[in-house]
Amino acid sequence: MSQVEQLKTDVKNQLHQAVISAGLAAEEEMPDIIIETPKDKSHGDFATNLAMQLARVAKKAPRAIAEDITAHLDQEAASIDAVDIAGPGFINFFMKTDYLSDIIQTVLDAPEHYGRSNAGEGKKVQVEFVSANPTGTLHLGHARGAAVGDSLCNLLDKAGYDVSREYYINDAGNQIDNLTLSLEARYLQAVGAEAEMPEDGYQGKDIIGFADEIVSTYGERFREAEVEKRRAFFRDYGLKRELDKLKADLEDFRVTFDEWFSETSLYDENKIQPVLDELKANGETYEADGATWFRSTSYGDDKDRVLIKNDGTYTYLTPDIAYHKDKLNRGFEELINIWGADHHGYIPRMSAAVQALGYDKEQLTVQIIQMVNLFENGEKVKMSKRTGNAVTMRELMDEVGIDATRYFFAMRAAETHLDFDLDLAKSESNENPVYYVQYAHARICSMLRQAEEKGFSVDRKADLSPLTSEKDQDLMKKIGEYPETVADAAAKHAPHRLTNYVYDLAQTLHSFYNAEKVLTEDQTLTKARLALVEACRITLADALRVVGVEAPERM
RNA sequence: GUCCCAGUAGCUCAGCUGGAUAGAGCAACAGCCUUCUAAGCUGUGGGUCGCAGGUUCGAGUCCUGCCUGGGACGCCA
């Protein structure tokens, strides 16, 4: 537990005692005691609305209740320096300040550990994200999903969840047949044969490239080959090359997966039929119009869904249900799927399926990634200038840079529409929040370098008592908020809270920097401040790492 | 038509489990570099929180209806 959480717990416990001994409420009437951090510093380090919550139970005015509570409160036991009753009945707590230096001490004692918690209690969570079809290039929306998904996983990991990252490869359906036929057509064209692209074929240049590769490696041998064999080869070849490309793009975007799960493997390992049997045995299916239906309306879907079409083949849903069953069989207690906005209508049926298989509704969470609109020169850009197609993730990385792209995508709540300002993301200026945060880190590194030249080094045992100025304390407090921010952002699946935090922390550092000098004639003060900025640097670097952004030592 | 998401300052967005005077950044205006990085700091102005009801000590936050924008509504994936 972090210092701040420990303090809050102490205050909570003492408040609980005070309420009992003041006779304001019995144990079973006790509300959840909420300790919040006021926005306004004059309202103390912490505050509680407990007196207002008790108004009904105690049948007294909140301010009078607050008087009773504070009169019975053991301030010493909760490290409280002073209390104040304010507004409609808030109790404000001004804490003894030594907890602030404890924060810095904790960071310095175990830098790589700071912010880590056991909030998740080792719960096995699986996050499935990106999962774009292996038939083309990753685009804007995929990039956002990748950034949000990866940061979320980093967060969950830090907050004590046992997290696994997975990519579901749709390598079994029509789209793969389409890929195969498209590649075949391109190959035949490349060797000068008559061939037409299939209807709805993949027009991308990458397919032409693969065809050329095949020609240069294998020559024209497939020209007269048996169609079935030829197609099997093209299928495997095309799939492998598409996957290589996806992996490379994602890796360059600093996103890696623990598992690349093949849809085809569900067929190969006979994992679909047993799930169908199970649903049938549970009475969740019926036959109608020559098809097999899943009675998803029993679990809140607005209509039933076809599992087996009247031509005998599965719909997309069927293997996907088997896939989710497989995930749960692998021991994951919670599944998080990160899907594009165009899939949100699919949520109720997947949720229904999980429930129909006997699992708890809460075990599946679907996080929707809303659409991204690119803006340049104040105008919406839909298409890439170079290719005329939708803007790809690769283009975005090349043009904007990975740091800015990752930061911008992580910066906003995932389920909100995002306007991505290309000019802002590209600008190396004060307007760009990424550089603002990175600059804070580089600035500290610069101070540490100069300290070293002057014979100072960061002393983990430095006396921190000289850190008494307002800016010193602001910075210590902000650093102290990190563990809770991480745990909270993880629990709420909200990586954007971390970018908000890291921006705040950078701002607090810059403000500190302009008000106080670190390298001074006063050795004791210098050592204390070096310890402080080092703790800040560690926190900045770690938060940036979670977001997927580098922390440069110079800018 | 049904369902989902969004609507907060001129623009882009935060706003935790319902709490104190609704906050940042950008843009506008006024200051701060002989001093550790000015990619920085300090200050000023700017709001019927889409609209209307309701719940309660208290609503941007919860409930109902409506308006606007986006999306989804297939035996496609």
Side-chain angles (χ1 to χ4, degrees), chain A residues 32 34 36-40 42-43 47-49 52-53 55-56 61-62 86-90 92 133 135 170 172-176 178 200 288-293 301-303 305-317 320 340-348 368 370-371 373 375 378 411-413 415-421 424 427-440 442-451 454 484-485 488-489 491-492 494 496-497 499-500 503-504 506-507 509-520 526 529 533 554-555:
Chain A
D32 274 344
I34 296 157
E36 53 173 30
T37 307
K39 290 166 205 153
D40 188 334
S42 69
H43 294 140
T48 183
N49 60 349
M52 277 113 86
Q53 289 182 296
R56 199 172 307 162
F90 287 100
N92 298 330
N133 288 343
T135 53
N170 293 122
N174 296 341
Q175 73 277 16
I176 290 299
N178 204 344
D200 305 322
D289 307 325
T292 302
W293 294 72
D301 198 3
D302 55 6
K303 55 168 93 161
R305 306 293 170 177
V306 171
L307 292 174
I308 305 175
K309 297 182 251 180
N310 60 18
D311 67 2
T313 61
Y314 299 138
T315 61
Y316 179 80
L317 177 64
D320 211 8
D342 54 340
H343 283 71
H344 92 245
Y346 193 78
I347 298 171
I368 287 299
Q370 269 298 353
M371 314 242 312
N373 289 313
F375 282 82
M411 188 162 70
R412 303 295 182 217
E415 67 274 12
T416 61
H417 299 255
L418 175 67
D419 288 340
F420 193 108
D421 185 337
L424 178 60
S427 76
E428 297 195 3
S429 77
N430 55 344
E431 297 168 26
N432 194 328
V434 190
Y435 293 105
Y436 181 88
V437 177
Q438 291 183 318
Y439 184 55
R443 201 168 218 186
I444 295 171
C445 290
S446 170
M447 285 188 280
L448 295 173
R449 279 193 299 272
Q450 289 180 50
K454 291 183 179 173
E484 260 191 303
T485 305
D488 199 43
K492 300 216 159 59
H496 74 277
R497 290 203 188 183
T499 55
N500 287 342
Y503 191 91
D504 269 3
Q507 189 165 52
L509 183 276
H510 286 310
S511 178
F512 162 84
Y513 179 90
N514 275 273
E516 309 290 352
K517 273 202 75 128
V518 173
L519 305 172
T520 63
T526 300
R529 290 232 163 107
V533 297
R554 295 171 200 271
M555 285 175 79

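Atoms considered below: every heavy atom in the structure, side chains included; atoms not considered: hydrogens, waters and symmetry mates. Just so we're on the same page: letters track the sequence lines, and every chain starts at 1. Given the structure is predicted, the values throughout are model-derived calculations rather than measurements.
- Across all strands shown, A:Ser446 has heavy atoms under 4.0 Å from base atoms, whether or not it also approaches the sugar-phosphate.
- With rounding to the nearest 0.5 angstrom, the OG1 atom of A:Thr313 is 8.0 Å from the CG atom of A:Asn174.
- Separating the CG atom of A:Asn432 from the C1' atom of B:G25 is a distance of 11 Å, rounded to the nearest angstrom.
- A straight line from CE of A:Met371 to C1' of B:G69 spans 12 Å, rounded to a whole angstrom.
- Here the separation of B:G65 from B:G47, taken at their C1' atoms, is 25 Å to the nearest Å.
- Mapping A:Ser42 and A:Ala506 onto RNA chain B by nearest heavy atom places A:Ser42 at the nucleotide closer to the 5' end.
- If you measure from atom NE2 of A:His510 to atom P of B:A39, you get 10 Å, rounded to the nearest angstrom.
- Relative orientation of the A:Tyr503 and A:Tyr436 rings is parallel, given thresholds of 30° and 60° on the angle between their planes.
- Each of A:Arg443 and A:His43 has a nearest nucleotide on RNA chain B; the 5'-most of these lies closest to A:His43.
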_For Watson-Crick and G-U wobble pairs within 3.5 Å on both distances, what is RNA chain B written in dot-bracket notation, | included for inter-strand pairing?_
(((((((..((((.....[...)))).(((((.......))))).....(((((..]....))))))))))))....
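- Counting non-hydrogen atoms under 4.0 angstrom, A:Gln438 reaches nothing in the nucleic acid.
- Atom-to-atom distance recorded for A:Thr48:OG1 and A:Ile34:CD1 is 7.0 Å, nearest 0.5 angstrom.
- In this structure, A:Asn373 atom CG and B:A6 atom C1' are separated by 13 Å, rounded to whole Å.
- Other residues, nucleotides and ligands contribute over 12 non-hydrogen atoms within 6.0 Å of the CG atom of A:Asp311.
- Between A:Gln370 and B:C4 there is no side-chain polar atom (N or O) within less than 4.0 angstrom of OP1 or OP2.
- Between the P atoms of B:G60 and B:G50, the separation comes to 10 Å (whole Å).
- Across A:Ile368 and A:Ala341, no two heavy atoms sit closer than the pair CG2-CA, 3.7 Å.
- Put simply, A:Gln507 has a side-chain N or O that comes within less than 4.0 Å of OP1 or OP2 on B:G25.
- In this structure, A:Glu516 reaches the bases: a heavy-atom distance under 4.0 Å links it to at least one base atom across the strands shown.
- Between A:Asp32 atom CG and B:G19 atom P the separation is 15 Å, expressed in whole Å.
- Atom name C1', nucleotides B:G7 and B:C13: the rounded distance is 12 Å, in whole Å.
- Taking CD1 from A:Ile444 and CZ from A:Arg449, the interatomic distance works out to 11.5 Å, rounded to the nearest 0.5 Å.
- Distance A:Tyr513 OH to B:U42 P: 14 Å, rounded to the nearest Å.
- Across all strands shown, A:Ala442 has heavy atoms under 4.0 Å from base atoms, whether or not it also approaches the sugar-phosphate.
- For B:U61 and B:C5, the P atoms lie 16 Å apart once the distance is rounded to whole Å.
- Using a 4.0 Å heavy-atom distance criterion, A:Asn92 is classed as a base contact.
- Contact check, A:Thr520 against B:C36: no side-chain N or O comes under 4.0 Å of OP1 or OP2.
- As rounded to whole Å, 16 Å separates atom P of B:C36 from atom CZ of A:Arg554.
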*In B/S/- notation, 5' to 3', how is nucleotides 8-16 of chain B contacted by protein heavy atoms closer than 4.0 Å?*
----BSSSB
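- Whole-Å rounding puts the A:Asn49 CG to B:U17 C1' distance at 10 Å.
- Taking CZ of A:Arg529 as the start and NZ of A:Lys517 as the end, the distance is 11.0 Å to the nearest 0.5 Å.
- A sub-4.0 Å separation between OP1 or OP2 of B:C41 and a side-chain N or O of A:Tyr436 is present.
- Rounding to the nearest 0.5 Å gives a distance of 9.5 Å between CG of A:Asp421 and CG of A:Asn432.
- Nucleotides B:C62 and B:U17 are separated by 12 Å at their C1' atoms, to the nearest Å.
- Taking the syn range as angles within 90° of 0, the glycosidic angle of B:C62 is outside it, so the base is anti.
- B:U21 and B:G15 have their C1' atoms separated by 15 Å, with the value rounded to a whole Å.
- If you take CG on A:Asn133 and CD1 on A:Ile176, they are separated by 7.0 Å, rounding to the nearest 0.5 Å.
- With sequence neighbours left out, A:Phe90 forms a ring pair (Phe, Tyr, Trp, His ring centres under 6.0 Å) with no residue at all.
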_Contact letters for nucleotides 72-77 of chain B, in which S counts primed atoms plus P, OP1 and OP2 and B counts the base, heavy atoms under 4.0 Å_ = SSSBSB
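- A donor-acceptor pair under 3.5 Å links the side-chain atoms of A:Thr315 to the main chain of A:Val306, judged by distance alone.
- Both stacking criteria are satisfied for A:Phe90 over the base of B:A20: a centre-to-centre distance under 5.5 angstrom and an angle between ring planes under 30 degrees.
- Contacts of A:Ala494 classified as side-chain contact (heavy atoms from CB on, under 4.5 Å), with partners at least two apart in sequence or in another chain: A:Lys492, A:His496, A:Arg497.
- Remark: A:Tyr316 engages A:Tyr346 in a ring pair (Phe, Tyr, Trp, His ring centres under 6.0 Å) (not counting sequence neighbours).
- The phosphate of B:C36 has neither OP1 nor OP2 within less than 4.0 Å of any side-chain N or O from A:Arg449.
- One N or O on the side chain of A:Asn178 and one on the backbone of A:Asp200 form a donor-acceptor pair closer than 3.5 Å.
- Rounded to whole Å, the separation between the C1' atoms of B:G18 and B:U56 comes to 10 Å.
- To the nearest whole angstrom, the two P atoms, one in B:A59 and one in B:C16, are 16 Å apart.
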